[in-house]
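The first residue of the sequence shown is numbered 1, and numbering continues consecutively from there. The model shown is predicted, which means the values in this text are computed figures rather than measured ones.
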Amino acid sequence: MIESKSRVAIYCRLSEEDRNKQSETDDSNSIQNQKSMLLQYSLEHGWEVYNIYSDDDYTGSDRRRPEFNRLLEDAKNRKFDIVLCKTQSRFTRELELVEKYIHGLFPIWGIRFISIVDNADTANKGNKKSRQINGLVNEWYLEDMSENIKSVLTDRRKNGHHIGAFALYGYKKDPDVKGHLIIDEEAAEVVREVFTLFSQGYGKTAIARMLNDRGIPNPTEYKRLHGLRYKQPKTKNSTLWKYFAISDMLVNEIYIGNMVQGKYGSVSYKTKQNKPRPKDEWYRVEGTHEPIIDCELWDRVQALVAQKAKPFTVGTIGLFARKARCMNCGYTMRSSKNHGKHYLQCSNRHVAKDACIGSFISVDKLEKAVIDELNKLSAEYLDKDELEQNVQFNNDLRGQKEALETEIAAYQKKIAEYTKGIRELYLDKVKGILSELDYLDLSKDFSTQKERLEKLVIDTQKQLDVIERKMLIGDNRRQLIEQYTNLEHLDRETVEKLIDYVLVGKKDPVTKEVPIEIHWNF
């Protein structure tokens, strides 16, 4: 009997409403129940179980589910004959994916889809409409659930309830009161030390270095070490305290008992992408939990933060702020002042031993190097022969621009043709002129070509943007360089206009020279 030889891939997914975790390594009870049910069903039908794919703590709208994507890759390679789930929604809640895989690619790959509870079975041609209705209902469910959850979470935020998956470093979730934080003394001691050290005049990088030298794990590593579901850090330095971890801690009101939430908001229920929210839209409720830092220490630290946040002089910004980067690790260099002289140094070097070999230069020396290089460019560019070459250069750019514009127009015309073709194919399928299989095959080819052309349009437009930028700069290049020839000093406006970024290396012990690589805006 053919069916007895069928290979089945079992897919399980934990739903949000029945999560019941015992520890990080255990499957939920829901996952165990699904596996048991599906294995029993496979046994009763005499199928050979090829593999069990199990995603725990993932929603049905998450396309990044690792086991889900592994199953699809194995399906594409025809490693099994049947996909078996508890319900269609365990496989996906998105109508688009129902159509793409269950009704589209699975039949082409020779794979049968079965979900036990809602009786979905692609071998039964009669229940296709019910599968589509299930998909539509699941799509509505996702949207409604998203709005309902958002409404509930907003209400909880407004009432000062903590809704995050993890408590902020220094606190832990109260096991007896949902949404309430209690102090985690082990981490709270580190928080108190950070605030105290800063109030005593220690810098943020110095504090990070002290914690790292003592082997104290940073907040992310601390959570992971305490069994919370944090992913393993991928690099050596990801377990270290950094400047910004200290900086963020020192201004977080949660440490004085105020709940501040809603700093980021989701873009859509179909993606996990978040975007920052304006500060006036944050949810701030005072006195929701026990403070770690008393008001006197907090006020003292905030005064110092405000004072240290000011650049060299009130209302000004460092000459190379956000422009100078370490040539060795890529970190943005930070400014320091010693005996009235300003310096730039790699902040990553000081967070721990061997984090970076470091880079260091005085602002005066970097300024002189930039001016010298600018004067050198000016001498070359303003030479008559060089000017003639640049005229030819601009003519070449105009030719490239016209060619790219012609390419984009051709791509867009072809995209319109494929769009029209897909629409006509669908109408032919509805009229019965095309079979379901022929429609899927042809529309897939049209869609693939259309997506390829759309990507080409995006890539070509990027090239066009670069050329237009070069032409804009090139048209004014002589005037621009003449304007900045023979400068004695730079100002911030000039740096912003001329420089994209500067890479600074470590001083050569023999030549005493500091490697500098300037990336211009022209």
Side-chain angles (χ1 to χ4, degrees), residues 23-25 57 162-173 181-261 263-264 272 274 276 289-293 297-298 301-302 304-305 308-309 325-326 328-334 336 345-359:
S23 71
E24 183 177 343
T25 55
D57 283 346
H162 179 265
I163 64 165
F166 303 98
L168 185 71
Y169 182 77
Y171 287 98
K172 55 187 176 182
K173 292 184 176 182
L181 298 180
I182 57 177
I183 293 176
D184 177 356
E185 277 302 330
E186 183 182 350
E189 277 302 308
V190 178
V191 174
R192 294 186 189 102
E193 183 179 5
V194 168
F195 274 82
T196 303
L197 288 170
F198 189 79
S199 72
Q200 293 171 350
Y202 288 89
K204 297 167 189 175
T205 300
I207 296 171
R209 176 66 184 247
M210 292 167 71
L211 298 177
N212 289 330
D213 286 348
R214 283 159 46 198
I216 296 175
N218 70 3
T220 301
E221 180 69 358
Y222 179 84
K223 288 183 176 69
R224 193 187 66 80
L225 290 172
H226 282 71
L228 297 174
R229 294 175 63 80
Y230 259 63
K231 293 182 180 178
Q232 178 75 29
K234 293 179 180 172
T235 63
K236 176 184 68 174
N237 289 342
S238 62
T239 65
L240 299 175
W241 287 87
K242 300 280 182 68
Y243 172 92
F244 292 106
I246 303 296
S247 183
D248 291 345
M249 178 183 290
L250 292 171
V251 294
N252 198 323
E253 288 188 51
I254 286 184
Y255 292 120
I256 55 170
N258 300 338
M259 187 65 68
V260 182
Q261 299 179 103
K263 295 181 180 180
Y264 293 86
K272 291 192 174 184
N274 285 328
H289 53 275
E290 186 181 353
I292 293 174
I293 304 301
L297 178 56
W298 171 265
V301 165
Q302 298 319 299
L304 284 170
V305 167
K308 292 197 174 193
R325 304 176 189 173
C326 175
N328 301 301
C329 70
Y331 262 57
T332 301
M333 298 177 74
R334 296 192 56 78
S336 61
Q345 58 183 332
C346 174
S347 59
N348 198 30
R349 182 194 175 195
H350 300 288
V351 300
K353 294 175 182 176
D354 303 325
C356 176
I357 61 172
S359 55

S.K.: For the pair I292 and F195, evaluate side-chain contact (heavy atoms from CB on, under 4.5 Å) and give the outcome as yes or no after the intermediate values.
M.R.: CA-CA 10 Å; I292 293 174; F195 274 82; over 6 Å; no
S.K.: Do W298 and F198 have ring centres separated by under 6.0 Å?
M.R.: no
S.K.: D213 versus M210: any side-chain heavy-atom pair under 4.5 Å?
M.R.: no
S.K.: Among L250, L168, L297, V194, find the one that has a side chain to side chain contact (heavy atoms under 4.5 Å, CB included) with Y255.
M.R.: L168
S.K.: Which atom pair, heavy atoms only, marks the closest approach of C329 to C346?
M.R.: SG-SG, 3.6 Å
S.K.: Using only atom types and a distance under 3.5 Å, with no angle test, would you say the side chain of S199 pairs donor to acceptor with the backbone of T196?
M.R.: yes
S.K.: I246 and K204: which non-hydrogen atoms are nearest, and at how many Å?
M.R.: CG1-O, 3.8 Å
S.K.: Do K223 and Y169 have side chains that get closer than 4.5 Å, going by heavy atoms?
M.R.: yes
S.K.: Please tell me if the side chains of Q302 and V251 come closer than 4.5 Å, counting only heavy atoms from C-beta onward.
M.R.: yes
S.K.: Evaluate the side-chain proximity of I183 to E185: yes if any heavy-atom separation is below 4.5 Å, no if none is.
M.R.: yes
S.K.: Take atom CD in E193; do more than 12 heavy atoms of anything else shown fall under 6.0 Å from it?
M.R.: yes
S.K.: Flag the pair K172 / L181 as yes when at least one side-chain heavy-atom distance between them is below 4.5 Å, and no otherwise.
M.R.: no
S.K.: Quick one: does N212's side chain have a donor or acceptor within less than 3.5 Å of a partner on A208's backbone?
M.R.: yes
S.K.: Check I293 against I256 and note the closest heavy-atom contact, atom names and distance.
M.R.: O-CG2, 3.5 Å
S.K.: Run the salt bridge (charged side-chain N to carboxylate O under 4.0 Å, His left out) test against E253 and tell me which residues pass, sequence neighbours left out.
M.R.: R284
S.K.: Looking at T205, V190, I207, which hits side chain to side chain contact (heavy atoms under 4.5 Å, CB included) with W241?
M.R.: V190
S.K.: Check whether any side-chain heavy atom of Q200 sits under 4.5 Å from a side-chain heavy atom of L197, and report yes or no.
M.R.: yes
S.K.: For S336 and Q345, which heavy atoms make the closest approach, and how far apart are they?
M.R.: OG-NE2, 3.6 Å
S.K.: Ignoring hydrogens, what is the shortest heavy-atom contact between C356 and N328? Give both atom names and the distance.
M.R.: SG-CB, 3.8 Å
S.K.: Taking the side chain as C-beta and beyond, is there a heavy-atom pair between R334 and Y243 under 4.5 Å?
M.R.: yes
S.K.: Quiz question: by atom type and distance under 3.5 Å, do the side chains of D184 and Y222 form a donor-acceptor pair?
M.R.: yes
S.K.: Identify the two heavy atoms, one from E186 and one from H226, that lie closest to each other, and give their separation to 0.1 Å.
M.R.: OE1-NE2, 3.3 Å
